[in-house]
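Here is the structure we will look at.
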Protein chains: 2
Amino acid sequence: MTDLKMPLRDYRFAMREVFDWDNHYAALGNEDASPDVVDAILEEGAKFCENVLAPLNQIGDQQGCTWDNGEVKTPEGFKEAYQQYVEAGWPSLAHSVDHGGQGLPQSLGSILSLMVGTCNWSWGMYPGLSHGAMNTVEAHGTDEQKETYLSKLIEGTWTGTMCLTEPHCGTDLGILRTKAEPNEDGSYAITGTKIFISAGEHDMAENIVHIVLARLPDAPAGTKGISLFIVPKFLPADGGIGERNGVTCGSLEHKMGIHGNATAVLNFDGAKGFLIGPPNKGLNCMFTFMNSARLGTAQQGVAHAEYGFQKSLAYAKDRLQMRSLTGPKNPEGAADPIIVHPDVRRMLLTQKAFAEGGRMMMLYCLQMADRLVSEDEAERKLADDLLAFLTPIAKAFLTETGFESANLGMQVFGGHGYIAEWGVEQNVRDARIAMIYEGTTGVQALDLLGRKVLMSSGELLRNFTKVVHKFCQAEIDNEALAPYITKLNELNKEWGELTMHVGGKAMENPDEVGAASVDYLMYSGYVVSAYLWARAAKVAHEHLAAGTGEEAFYKGKVATTKFYYDRILPRTAMHASAIRSGAENLMELDAEHFSV
Amino acid sequence: MTDLKMPLRDYRFAMREVFDWDNHYAALGNEDASPDVVDAILEEGAKFCENVLAPLNQIGDQQGCTWDNGEVKTPEGFKEAYQQYVEAGWPSLAHSVDHGGQGLPQSLGSILSLMVGTCNWSWGMYPGLSHGAMNTVEAHGTDEQKETYLSKLIEGTWTGTMCLTEPHCGTDLGILRTKAEPNEDGSYAITGTKIFISAGEHDMAENIVHIVLARLPDAPAGTKGISLFIVPKFLPADGGIGERNGVTCGSLEHKMGIHGNATAVLNFDGAKGFLIGPPNKGLNCMFTFMNSARLGTAQQGVAHAEYGFQKSLAYAKDRLQMRSLTGPKNPEGAADPIIVHPDVRRMLLTQKAFAEGGRMMMLYCLQMADRLVSEDEAERKLADDLLAFLTPIAKAFLTETGFESANLGMQVFGGHGYIAEWGVEQNVRDARIAMIYEGTTGVQALDLLGRKVLMSSGELLRNFTKVVHKFCQAEIDNEALAPYITKLNELNKEWGELTMHVGGKAMENPDEVGAASVDYLMYSGYVVSAYLWARAAKVAHEHLAAGTGEEAFYKGKVATTKFYYDRILPRTAMHASAIRSGAENLMELDAEHFSV
C-alpha cells in the first residue's frame, strides 16, 4: 500500500503563489514567521505526520478505545505518539508566548492540524479539542485560570474538551439541563450528563480540562441562562494534579468511524467547576470556540478528500483491468491500468478538485482568521465579516464534498474498497461524522442564509461578491481565463439574485429560509470554489507563460480548473432550481401523511 | 426504536393501481397467481420479514460471521430463521413445479426478496444467491443436474453461490486463471482461488452448490475461453450428501458492512466439478445469472432507501429540537418535533421519492421480466429489449440513490445517527456495497451507453422514449399533470439529443463513451423515475377526483411528484452539462501528473 505523503508542493502553491503568504505574515507583524521558519515547520510537521501518525490510523480504527470501569485505553501507539508530539513542542506552536507558547500565527497551527488530521483524524482530535479549550481560556479566563490551565494545555501535558451536548439536546442548547450550584469557596458543584464528548476520557495526558455548559440556579430559561465552567478531571494542586474530581466516564459510544477517538458519556456528580466568563453569557463565550471548531471540522473534509485521492490515485495507476477503448495502453500487461478509463479519471479529478480546491478554501479562511488580530480596524472588520460568511460554507461544503471524495476514493477500488484492508472504507466512515458534528450541514445552512446573509440585509454576501467582482474585472482581458471569468461573473450575479428572491419570500413566510438553505449553501460553496480555482488558473497560466518550469504541475492546475468548470460547477444550476422552487413543495404535506 | 413495517399499501398502489398487476398476471396465463393469492403472499411474507428477519438485522451486523479452521458460523438466529423460511416453502415460490417449485411468477419471488432484503439485507443474500444458482441450473443444466441440484436448491436444504472474482480480476473476467482439468470419470478437477464469494461458506444449510467460472485446458484466451462448473461443497450421494469436496473457505473478508453475510475466499484444490452448459461458453451462460443478479442488487438500493426513510421519519416525528421559524408547533413541549423544519422535510421527501419511486422502477422491470416467457414473440422481444435497457439503469441509479437516501436517513438523526445503536449507520455501511458489486456504477454505465444504446444505434433507447412519448401524448390535456408532462416531454427529447451528441463524437474518439457514461446513466435514471412519478400522480389525481377515499395517501403521492419534479429532476441539467462537456477535460492530463 502506498504511504500517504503530505502535498507540500501544493501547500506552497496555494500559500505562496495564490495567497501571497510571505507578505501576509509580514503584514501581520509576526517577525518569527519568516518564510524559512514556515517552510521548516511544514516540512518537520509533514515528517511527523507521515512517519508517526499515518501508520497508526488503521490501528486506531481496528482497536478503537476501550472502557474499563471509567478508565479509557486509547489504541496502541497513540499515547507514545502524543508524547513525541508534546516533546517536539507542537501543541504550543500558535499560542501565546505569555503562557509558554511559540506565538506563531494561528493559521500555521491550523495548517499543522490539517496535516495531522489528513494522516490520522481520530488521533488529531485529542490535540484538536485542546486547542478549542485553549482558545476559550485564553479569550475568557482570568489570569489565574490562564496560569493554572492554559499553560498546561499549551505545554500539552493536559488536554481539553468541550462539553455541550446532552441526551435530549444537541443543536438546541437552550434546553440543556446540567446544573451548577455555588459552593462556599466560590466554585460550583456541576451535576448532569453530557454525551458525545470527543476525547472526553483517555490515557494520553495526566489531566483533562473539561469546558462545560451548565445553568446557574435561577438562570433565565433558554440560551440566555447558560454559563461556562472549567471542570478538570483532577483538581490542580501545586503546579500539578491533586484530588480526583467528580466527573467520570460512564461509557464510550460505539460509532460508525473515528474509532481511535474516545466519544465519552460524562457524568458530572457535583463535580467542582470554576466559572469562566460572565454568568449567563456562556453561549456567547462558546461562540469563540464554536467558530474555530467549525473551521477545524471544515478541515476534516479536506483531510478525507486528500486521503481518498492519494490512495485511489495510487491504486488506479497500479490495478490492471480491461483495455482502454482507444486501444491497449499497456500492451505487455494482461490489461491496462484503470487510470486509462475516462470514468476512473472523472472520479480522480473530482477528488483532486475537492482536495486541492478545499485546501485553498481553508487557507483563504485561515488568512482571514489571522487578520482578526490586525491593528487596522477596517481590515479587522472586513476579515471578521468575510470569515463569518465563509465559516458555515467551509464547514458544510468541505465536509459534504470531502465525504463525496472519500466515497469516490473507495469506488475506484471496486470490491477491494469495501474491504477493511486498504483503509479506504475507513476513510468513508471517518468522513461521515464531519457533516454532523459542530452543527450539521442543515444548521450551517441556516446560519449562512438566515443569520449571516439575510440578517445583515445581504451585506455579508456583498462583501464577498465584491471580491469576486473585482477579480473578474481585473482579469477581463485575460484570454487564458476568459471562459472561467464569464461563468464566474454570471454566477456571482445570480447569487445576489437568488438571495433577493429568497429574502423577499421570507418576509411573508420564514420557512422559505429553511427551504432554500442547504441548496443555497451548496450553491455558495461551488461559487467560492470557482473563484479560488480561477485564481489558481491565473497563477498557473502566468508560470506557464513565463516558462518558470514545473510545467506538469501548472498544467495540472489548468486542467483541474477546466474540469471543475465543465463538470462540477454546473451543479449550481440544480441548486438554483431547488432554491427558486420555494417552500411549498416541502411544507404542504401533513407530518402524519409522509407515510401511510 | 420503531419497528420496520413493510409498506403493503404502497406495494398495492404501485402493483395494482399504477401497473395493473392483476391483469398482468392474468395475461401471463398463470392461474395460480390470483389477486387473493398475491395478497396472501405479500401479507404472510411481510409478517415473516418483519417478525423474524428484521430483529436479526442489527445482531447480524454486531456479531458478523466467524471463521474457524474453514468452518463458518453465521450470527445468532440466522440459521433458525433460515429453517423457518425453508419450512414455510419460501425458496420454492417462483421456481419450476417440475422440481418441486410452486410455479408462481418470477416477479412475486422478487417482491418477496425485496421485503426480505429491506428487513435484513445480509440474511437475504443467502437465499438470494441460491436463486441465482437455481436460475443458472434451470437454464443450462442437464436433466440429471436439475434432478440432483435444482430440487435441493428449490427445497432450500442446499444453498448456492456464484464464483467469478479472483484476486487479480473482478470486472475483467477475461483474465481469470482458475483451471478445470478433465478427470477420467467425465468430471473436472477445479483448481484456483476465488474471492468475494457472498454466502460462500456458512452453517445454514447442509450443502452449498458453487457455480464456478474456470478455464479448460487449451481454452482460447480471454472471455471466449471460460466455462461454467457446478462444484458442490459435499458431493451428492443417495439423494443426500456424501464425500467432502476439495473446496475450502480460506478466510472471510473484513468488510465495511453486510457483516451478517459471509464473504469468503474459496480455495479450490482439484475440487470435483461438473461442466454446466457448453465448453467455453461459460460467460454467456453466466449472463443469465448476471442480469437477474443486477436486478437483485438494484433492489438493495430500494431496500436501504425504505429502511432509512422509515427510521428517520419516526425519529423526525419524535425528536424535539428547536422551534419552527413560523412559531411553535408543539407549545407544550420543550421544543418542536424536527419534522416541522423545512430542511428535515427535504431530507425525508428525498428518501420518500427514492424509496417509493425506486420501488416503482423495480416493479416496472419485474413486469418486463415476467414477459420474457410470453408466447407472443413481439411482446417477448419488446420486454427483453426494454429490460436490457432498464437493467443497468435500475442497478446503478437505484443503488446510488439508495445510498443517498441511507445517508440522509442518518443525517436526520444528527449525532445519534453516527452511533451504532439506532441502526441507521449500519444502513449506510450496508448500502455502500451495492454501488460496487455485480458491476460498479461505472460498469453499468458503459453497459447502458456503449453496449445497449449505441450498439443498437439508439433503438433500445427509442423503445423506451416511445413509451414515455405515448404517455405524454395521452395526458396532454390532463390539467392536473400539465407541469409534469411539459417537463417530461422536454427531457425525453433532450435524452435523444444527448445520445446523438455522444454517439457522433464517439465515432471519432471511443473515450467519449466512457467520459459521458455515468452522467448519461444518472440522467436516464432521473427521467425514467420522472415518467413513473407522473404515472403515479395520474392515478392519484384520478382517485382524488373520484373521491374514492384515502385522501391523505393520494395527496402524499401528488406532493411527492411535485417535490420530485421541483427539487430532484433539475439534477438532469447538471448531468446534461457534464455529458456535453466531452472527454477532453478528463483525458488531457497525463496519468503521471494527476499529483506531483
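Every chain is numbered from 1 and lettered A, B, ... according to where its sequence line falls, protein lines coming before strand lines.
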B:Ser595 side, atom OG; A:Leu348 side, atom CG - distance, nearest 0.5 Å: 10.5 Å
Toward chain B, the part of A:Pro167 with a non-hydrogen atom under 4.5 Å: backbone
B:Phe403 and A:Asn407, any side-chain heavy atoms less than 4.5 Å apart: yes
Ion pair A:Lys555/B:Asp590, N-O distance below 4.0 Å: no
Selection from B:Val428, B:Thr560, B:Leu313 maximising heavy-atom pairs under 4.5 Å formed with chain A: B:Leu313
Among the listed options A:Ser324, A:Gly582, A:Ala516, the residue most often paired with chain B at heavy-atom distances under 4.5 Å: A:Gly582
Side-chain heavy-atom pair B:Gln321, A:Cys169 within 4.5 angstrom cut-off: yes
Euclidean distance, B:Ser517 OG relative to A:Arg346 CZ, rounded to 0.5 Å: 7.5 Å
Step-by-step side-chain contact (heavy atoms from CB on, under 4.5 Å) determination, A:Ile436 to B:Met410: CA-CA 10 Å; A:Ile436 295 176; B:Met410 180 173 159; 4.1 Å; yes
Step-by-step side-chain contact (heavy atoms from CB on, under 4.5 Å) determination, A:Tyr565 to B:Asn585: CA-CA 10 Å; A:Tyr565 272 78; B:Asn585 55 31; over 6 Å; no
Among A:Thr165, A:Asp10, A:Leu446, A:Val518, residue most engaged with chain B (heavy-atom pairs, under 4.5 Å): A:Val518
Non-hydrogen side-chain atoms of B:Arg580 and A:Asp566 separated by less than 4.5 Å: no
Atom CZ of A:Arg9 with >12 non-hydrogen neighbours under 6.0 angstrom: yes
Within 6.0 angstrom of B:Lys317 NZ, more than 12 heavy atoms from elsewhere: yes
Over 12 non-hydrogen atoms of neighbours within 6.0 angstrom of CD in A:Gln62: yes
More than 12 heavy atoms of other groups within 6.0 Å of A:Glu551 CD: no
Toward chain B, the part of A:Leu173 with a non-hydrogen atom under 4.5 Å: neither
Residue A:Leu589 versus chain B: region with a heavy atom under 4.5 Å: both
Part of A:Ile433 lying under 4.5 Å from any heavy atom of chain B: both
Minimum side-chain heavy-atom gap B:Leu349-A:Phe594 below 4.5 Å: yes
Chain B contact via A:Glu592 - side chain, backbone, both or neither, heavy atoms under 4.5 Å: both
Chain B contact via A:Val558 - side chain, backbone, both or neither, heavy atoms under 4.5 Å: neither
Residue part contacting chain B, namely of A:His575, when any heavy atom lies under 4.5 Å: neither
Point-to-point distance, once rounded to the nearest 0.5 Å, from OG of B:Ser581 to CD1 of A:Ile568: 10.0 Å
Criterion side-chain contact (heavy atoms from CB on, under 4.5 Å) on B:Gln411 and A:Arg432, from CA distance to verdict: CA-CA 9 Å; B:Gln411 190 72 11; A:Arg432 184 61 185 85; 2.9 Å; yes
side-chain contact (heavy atoms from CB on, under 4.5 Å) assessment of A:Glu588 paired with B:Lys562: CA-CA 10 Å; A:Glu588 68 181 331; B:Lys562 181 167 165 46; 3.6 Å; yes
Distance, nearest 0.5 Å, that separates CE of A:Met256 from CZ of B:Arg429: 6.5 Å
Under 4.5 Å from a heavy atom of chain B, the part of A:Phe413 involved: neither
Between OG1 on residue B:Thr441 and CG on residue A:Asp343, distance to nearest 0.5 Å: 8.5 Å
Heavy-atom contact with chain A under 4.5 Å, split by part of B:Val344: neither
Separation of B:Ile419 CD1 from A:Glu253 CD (nearest 0.5 Å): 4.0 Å
Short N-O contact, A:Arg323 and B:Asp172, less than 4.0 angstrom: no
Side-chain heavy-atom pair B:Met587, A:Arg345 within 4.5 angstrom cut-off: yes
Residue pair B:His168 / A:Leu320, side-chain heavy-atom distance below 4.5 Å: no
Note, B:Met574 side chain near A:Thr572 side chain (heavy atom, < 4.5 Å): no
Side-chain heavy atoms of B:His416 within contact of A:Ile195, under 4.5 Å: yes
